[in-house]
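Step one of this worksheet: look at the structure below.
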Amino acid sequence: MKTALVLGGGGFIGGHLAKRLKEEGLWVRVVDIKDKHEFWKQNEICQEYVSGDLRDPNFVESVFDREFDEVYQLAADMGGAGYIFTGDNDANVMHNSGLVNLNIVHYATQAKVKRVFYSSSACIYPEHNQLDPDNPNCEESSAYPANPDSEYGWEKLFSERLFLAFNRNYSLDCKVARYHNIFGPKGAWRDGKEKAPAAMCRKVAESDGEIEVWGDGKQTRSFMYIDECVDATIRLMRQDNFRGPVNIGSEEMVSINKLAQIAIDCSGKDIKINNIDGQDFIDKYGFPCPLGVKGRNSDNRLYLKKIGWEPSMNLREGMEITFKWINEQVNEK
Ligand code: NAD
């Protein structure tokens, strides 16, 4: 029986990925600092759920106590714009995720794992290539000279290089992908770690008249539905010719106001969008509006060329499913 280790499998992408691997017939161990997955039953996603802190080298060593065919490294200290872009969590994000990745490359190499996947992020791309909301450049080769707009992005860039250096010097067989805004049900939807699609769905589900949208709403992004992210991750992992780094995301770029409108349309309610920015935002929250770059879109040409696959699901379809799930959470609450 093939075996897989999903580090950070107590989180959003890791939970869906572990579930898919188990359904495919692999024996799956999930590791996370959380003592259980908030939205999946343990036997839906794995045979073994191990709770522990991947910043602790002794714990990481113990996690590699058996052979794994596939190791997926998704554990990170992360969240949406309200967590990553205010600056308040910079030291923790860099320190926590840095320690996790340093431990994992070391012990994965010692344990001679067959292959390890590392989840980087579109946040590594230079700010100066993402100033025009209509024409951002996120081609893989544009990553250097580096200038990410957040410390989260700098840590991801460091860790990409860390995995690739362990490949060159210690033959650690790794694959590196840069995820672009993954969304879907069974992920963070409140408490400040949620990202834009979940935040919009929650605000709409909770509102009767209007919702607040941060910024002027003209900033652009693309969003990939979780099932397609899992497909793309596994396809990259299971071929022998290409290591990455490569984008995994959708090329359907929309403005944030358009995303909000899609959430409203999914609800069937009559809701107005209220954009809040500049001094109004500072007066209300006490810090500048945490927006991130002006424009960002996945560029899937390299993935298509190397792996021969591209996503096909449109944003509205994924938002319907996500809104339905978040609406249920809000009503249960
Ligand atoms: P998530 O926060 O839902 O999952 C990350 C998991 O890592 C969490 O369950 C968390 O408890 C765990 N973790 C954090 N620190 C840990 C530690 N010290 N020890 C053990 N577990 C620890 O995030 P996600 O959305 O599932 O993202 C997965 C990966 O993909 C992350 O590395 C993230 O940076 C990357 N990524 C995600 C997106 C996205 O849109 N979701 C975009 C770009 C990159």
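Treat the numbers as computed from the prediction; the structure is a model and nothing was measured. All residue numbers refer to positions in the sequence shown, counting from 1. Just so you know, ligand 1 is whichever comes first in the structure, and atom 1 is the first atom listed for that ligand.
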Without hydrogens or angle criteria, can the side chains of [X] and [Y] be said to hold a donor-acceptor pair below 3.5 Å?
X      : Y      : answer
Tyr179 : Thr233 : yes
Gln130 : Asn137 : no
Asn247 : Glu140 : yes

Fill in: Single hit among Phe158, Tyr118, Tyr170, Phe117 for ring pair (Phe, Tyr, Trp, His ring centres under 6.0 Å) with Phe163
Tyr118

Discussion item. Given a heavy-atom cut-off of 4.0 Å, could you list the residues near ligand 1 in chain and number order?
Written reply: Gly8, Gly10, Gly11, Phe12, Ile13, Asp32, Ile33, Lys34, Gly52, Asp53, Leu54, Arg55, Leu74, Ala75, Ala76, Met78, Val100, Ser119, Ser120, Ser121, Tyr152, Lys156, Tyr179, Asn181, Ile182, Lys195

Discussion item. Would you call the rings of Tyr125 and His180 parallel, tilted or perpendicular, taking 30° and 60° as the class edges?
Written reply: tilted

Worksheet entry | Among Asp77, Asn89, Asp53, Asn101, side-chain hydrogen bond (donor to acceptor under 3.5 Å, both in side chains) partner for Asn96 | Asp77

